[in-house]
2 protein chains.
Amino acid sequence: MERRQLEYFVAIVEQGGFTHAARALRVAQPSLSRAITKLEHELGVELFHRVGRNVVLSSAGEMLADRARLVLRDLDAMRAAARSIGEGAVGRVDVAATSSSALEPVTSIIAELREHHPGVVVSTSSALSAAEVIAMVVQGRCEVGVCGNAERPTGRGLVAHHLRDEEFLLVVPPGAIVSSGPAVSPDQLRGMRFVVTKPATAVRALFDRLAATIGDMAIAAEVGDRSVVLPMVLKGIGAGLMPDGWADLARRAGAEVYRFDPAERLPQWLVHRRGQLTAATQAFVDTTLASGRD
Amino acid sequence: MERRQLEYFVAIVEQGGFTHAARALRVAQPSLSRAITKLEHELGVELFHRVGRNVVLSSAGEMLADRARLVLRDLDAMRAAARSIGEGAVGRVDVAATSSSALEPVTSIIAELREHHPGVVVSTSSALSAAEVIAMVVQGRCEVGVCGNAERPTGRGLVAHHLRDEEFLLVVPPGAIVSSGPAVSPDQLRGMRFVVTKPATAVRALFDRLAATIGDMAIAAEVGDRSVVLPMVLKGIGAGLMPDGWADLARRAGAEVYRFDPAERLPQWLVHRRGQLTAATQAFVDTTLASGRD
DNA sequence: CCAGTCCTATAGCGTCTTGCTATGGAACGT
DNA sequence: ACGTTCCATAGCAAGACGCTATAGGACTGG
């Protein structure tokens, strides 16, 4: 039972005869004869009554015609969906991102992408580390990834575009004034307690590096979910290190936010595998690069 | 986009790879490669990401896989429906019948048929005359027909089975005693007024024959719908001629019912075209002949 | 780091299906 | 009785799909 057979079947039903249907389908009439004969044999049911030189839909055929139409409608819907996806009109982009990257720049990219491609849905898969993002892209679990990494990510068939640099900020509980200016030097961190994320994340790497240099920096809490760092800081449990995407939110919440002097920056990268991308994904990449170009 | 391609597509999705799917489908792996490549080209969408020596479903593929499964489910449902119809488990029998035949014996046949084939639906198309019933069968608009006719119906490729004889009865308004016994002779009809159906029906043929023999039989009303004859008789408009199937109902309604002496009988026939019948229709014919055999 | 293994893609070839044209046969209209 | 109008069948060319063999890329174990 192939699609063509059903197509012929409903055409004959609608045209009321083999000959008319053949003309409408632009095939020879014997092709219909054979296709229907085969279908009838396959289904074990007589679809048409051959009466005189005409055919009449049998009761079985009548019952099956509706189902056949349903199948063809679904098939058409699927083809239409595929076309939309192929043209990038609709589709889904799976983006692997670390949670800091997921906030910024991905949120901005999504906002811009939706202006030109309203049908495209962006789904972000959170990864814990840049390495994990890259792994997801390389393994094909996502088509693109966004992550911060000191070096340009490399890998078999991997393409990396440099986005803006992310800046890490110091966030301390409300009222805990650390410096009179807008920036702090690493030395001023001495003796402070921190809420940190688990190892293998960019912020944790920064913390470890600072701790190794400064010494005397204590861990107040280590959390698996980075989104709870700010709430813990706000409760006074300790200070936190956060990407600049969080700064606005932290300030609104009452926390004190300081830049580092010198600034702690981390390049952010857009990565995808070499080769043809899905139309929706290509749109995502194009949008990202167009807006990220400074 | 043929059924086989979709079948392969979902198999690969479910098995997680071409090779496993090929084993499950019992085809060679290259067949899958080519089928999917063709499908992707046809849809203009990459269904799988080829990553390393494996494949991963793309987001487009993910969106289309559900639709493909839907199509295949519908296709299976259709196949199952066809099988049921083919086996006669379910199905519909279109029976052409005159309205008198539709009452009896068709009603009894339906009752018996439903015992052995509960899934079979009988649809009766009412015809005005035996000639019309035969025409509908010959033209294939119905597979079988039931009608009363003095002679065995003949026609190109027509098969006719004799059923029981239908007996016509005289029905008169309540209280209008015609005879002391259960039967009347034609002479007793003299001077009576009748409610009759339109020409070309079996009862009208009987009336016309009697009227020609007896003379002095008046038409009180001629109705197009035979079902209104009994109500009109009950209101005293005139007497009526009815097949025996109506007798019980007429008596319950208070009318007086008499047989004719000699009895007025009309053979009833089951007709269908020569050749293979739909399973459900064959069941209908078998049931009819089995119960009608006296 | 190299060989072995695993998986998909391609090539080459045989068979089955589908397309076509030509023709038969039955049924209808004139 | 004839021609017309259908569907069915026959015969043949082109395409689709089956298979095996093999290439190529990527992981694994020594």
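Every chain is numbered from 1, with letters handed out A, B, ... down the list of sequences. Model, not experiment: these values are computed from the prediction.
- Distance B:R273 CZ to C:dA27 P: 11 Å, rounded to the nearest Å.
- Between the P atom of C:dT18 and the CG atom of A:L6 lies a distance of 12 Å, rounded to the nearest Å.
- Around atom CZ of B:R152, more than 12 heavy atoms belonging to other residues, nucleotides or ligands sit under 6.0 Å away.
- A:L39 has its CG atom 13 Å from the P atom of D:dA8, to the nearest Å.
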Begin with the C-alpha distance, continue with both residues' side-chain angles, and end with the deciding distance and a verdict on side chain to side chain donor-acceptor pair (under 3.5 Å) for A:E143 and A:T278. CA-CA 8 Å; A:E143 276 193 285; A:T278 296; 3.0 Å; yes
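- Closest to the side chain of A:K38, from the set C:dT17, C:dC7, D:dC17, is C:dT17.
- Taking atom CZ on B:R3 and atom C1' on C:dT17, their separation rounds to 14 Å, with Å as the unit.
- One can place NE2 of B:H49 at 17 Å from P of D:dA26, the figure rounded to the nearest angstrom.
- The side chain of B:R4 contributes no N or O atom lying less than 4.0 Å from OP1 or OP2 of D:dA16.
- In this structure, B:W269 has its ring center no closer than 6.0 Å to that of B:H161.
- Neither side chain, B:E62 nor B:S58, offers a donor N or O lying under 3.5 Å from an acceptor on the other.
- In this structure, A:E7 places its CD atom 14 Å from C1' of C:dT18, rounding to the nearest Å.
- Of the charged side-chain nitrogens involved, at least one lies within less than 4.0 Å of a carboxylate oxygen, so that A:E7 and A:R3 count as a salt-bridged pair.
- Residue B:V285 comes nearest to B:H272 through the heavy atom pair CG2-CD2, 4.2 Å, listed as atom of the first residue, atom of the second, then distance.
- Taking atom NE2 of A:H41 as the reference point, atom P of C:dT17 lies 13 Å away to the nearest angstrom.
- Near DNA chain C, meaning a heavy atom under 4.0 Å from it, residues 17-34 of chain B has B:G17, B:F18, B:T19, B:Q29, B:P30, B:S33 in order of number.
- For the pair B:N54 CG and D:dC27 P, the interatomic distance rounds to 8 Å; values are reported in whole Å.
- Along DNA chain C, the nucleotide nearest to A:A35 and the one nearest to B:V138 differ in position, and the one closer to the 5' end is contacted by A:A35.
- Within 4.0 Å (heavy atoms only), A:Y8 reaches sugar-phosphate atoms of the nucleic acid but no base atom.
- Between A:R69 and A:E14 there is a salt bridge, with a side-chain nitrogen of the basic residue lying less than 4.0 Å from a carboxylate oxygen of the acidic one.
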